[in-house]
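The shown structure was predicted, so the numbers you read here are calculated from the model rather than taken from an experiment. In the text below, chain A, chain B and the rest are named by the order of the sequence lines, each starting its count at 1.
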There are 2 protein chains.
Amino acid sequence: MRSPDELSDLFRASGRKVTPQRRRIFELLEGNSSHPTAESIYLELVKDMPTVSLKTVYMTLKELEEMGEVQCLDLGMGSSRFDPNVDGEHHHLVCVSCGKVRDFQLSQNWDLKLQVPDEMFSVSKAEIVFRGTCATCRVIGSRSVVENSDKVHIS
Amino acid sequence: MRSPDELSDLFRASGRKVTPQRRRIFELLEGNSSHPTAESIYLELVKDMPTVSLKTVYMTLKELEEMGEVQCLDLGMGSSRFDPNVDGEHHHLVCVSCGKVRDFQLSQNWDLKLQVPDEMFSVSKAEIVFRGTCATCRVIGSRSVVENSDKVHIS
DNA sequence: GATACATTTTGCACTAGTTGTAAATGATTG
DNA sequence: CAATCATTTACAACTAGTGCAAAATGTATC
């Protein structure tokens, strides 16, 4: 994702307005590798702007997604996660214990798209989701049940 | 997924009861490669059992999932898809035009799990989602806009 | 800096998908 | 065939996200 300044210019250049809400959302996303939900961005946002609405967050994220500045991830955890890392192709590690999501780059240079015969299906995007347990949760799990802020209900 | 008969035995063996509703759901899933939603299974089910509830479908699917007899897929299309194919590791082709989902086997023998260093993250499952356009939709798309029963809203 | 106007924000109602509750039903076992 | 306890059902509730319209506010232009 571009910097808040660059995004502001881009927005204005395309006839969009740069409101304080949007500006702040840009800032909250910049360099954010926590794969936040719309809700979690909203919770940060209300700290500064008590009257902001969740709808605004959703709208801004959708625009950023349409502009290719963020990626919307559906990892089957109830709500969409947003990833400002869109420059390099990467994959995701999803911890089934704490729910944390982490970017992951393949070390081997596999071109996944080439796996699918083009006559059969024209691939525009191929992404791997690795599910498992992160290092932190493995340690915690081996000791005792500990409350984790990001804890997710695994049914 | 096992056959309805085998599933019935398994259910009984684990103290569960085999109701006509469950039995019919087993049958509807057997060999079903359409990756149905709970809703679409329900719609088939009501044809035979007019008073069946959607809740029953969800509950039975959840049990089958817990028993490892079906896989629940969250592909970011609003609702979960269920896949009775759990015997071989396979991946999914998701058509962004018509919403159809199709199983796909890698021809190359890549072990995705080995890509992630175990100290970093302990992978229990790795799945690739290929998004793009299926052969049918490509042809349709090159002609004109045609109504497709599985059409999905792409925003 | 003031003006005009389209864009945005907000609050609220609403949808879709899914789950919780509790009473009624019914499969299984002895 | 009766007792037991899982299951089903209807319905309400919940979560994530969207549609709507009035009010507010950036931005280009003067």
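Nearest to the side-chain atoms of B:Lys55 among the listed nucleotides C:dT9, D:dT7, C:dT21 stands C:dT21. Of the candidate nucleotides C:dT18, D:dT18, D:dT7, D:dT18 has the atom nearest to the side chain of A:Lys62. Here the nucleotide nearest the side chain of B:Ser79, chosen from C:dG17, D:dG17, D:dT7, is C:dG17. Minimum atom distance to the side chain of B:Met59 is reached by D:dT8, of the listed D:dT8, C:dG17, C:dT10.
Computed from coordinates, the A:Asp74 CG to C:dA16 P distance equals 18 Å when rounded to whole Å. Computed from coordinates, the A:Ile25 CD1 to C:dT8 P distance equals 12 Å when rounded to whole Å. At whole-Å resolution of the value, CD in B:Glu39 and P in C:dT19 are 14 Å apart. Rounded to an integer number of Å, the gap from CE of A:Met77 to C1' of C:dG17 is 18 Å. What separates CZ of B:Phe26 from C1' of D:dT7 is a distance of 12 Å, to the nearest Å. Between the CG atom of B:Leu61 and the C1' atom of D:dT7 there is a distance of 15 Å, rounded to whole Å. Computed from coordinates, the B:Leu54 CG to C:dG17 P distance equals 10 Å when rounded to whole Å.
The phosphate of C:dT9 has neither OP1 nor OP2 within less than 4.0 Å of any side-chain N or O from A:Ser53. OP1 or OP2 of C:dT19 has not a single side-chain nitrogen or oxygen of B:Tyr58 nearer than 4.0 Å.
By the 4.5 Å heavy-atom criterion applied to side chains, A:Pro20 and A:Met49 are counted as neighbours. Contact check for B:Leu54 versus B:Glu39: side-chain heavy atoms found under the 4.5 Å cut-off. Here the side chains of B:Val129 and A:Val129 are not in contact, with every heavy-atom distance at 4.5 Å or above. Contact annotation: the side chain of B:Leu73 approaches that of B:Glu127 to within less than 4.5 Å [non-hydrogen atoms, C-beta and beyond].
Between the side chain of B:Arg12 and the backbone N or O of B:Val18 there is no donor-acceptor pair closer than 3.5 Å. Judged purely by atom type and a 3.5 angstrom limit, B:Glu69 uses its side chain to pair as donor or acceptor with the backbone of B:Arg2.
The two residues B:Lys113 and B:Glu89 come nearest to each other via the heavy atoms CE-OE2, 4.3 Å.
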The contact string for nucleotides 23-30 of chain C, one letter per nucleotide 5' to 3', using protein heavy atoms under 4.0 Å with B, S and - for base, sugar-phosphate only and none, comes out as ---BBS--
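Scanning residues 44-52 of chain A for heavy-atom distances under 4.0 Å to DNA chain D yields an empty list.
The other members of the hydrophobic cluster of B:Met120, by chain and number, are A:Leu93, A:Phe104, A:Leu106, A:Trp110, A:Leu112, A:Val116, A:Met120, A:Phe121, A:Val123, A:Ile128, A:Phe130, B:Leu93, B:Phe104, B:Leu106, B:Trp110, B:Leu112, B:Val116, B:Phe121, B:Val123, B:Ile128, B:Phe130 (side-chain heavy atoms under 4.5 Å, ILVMFWY only).
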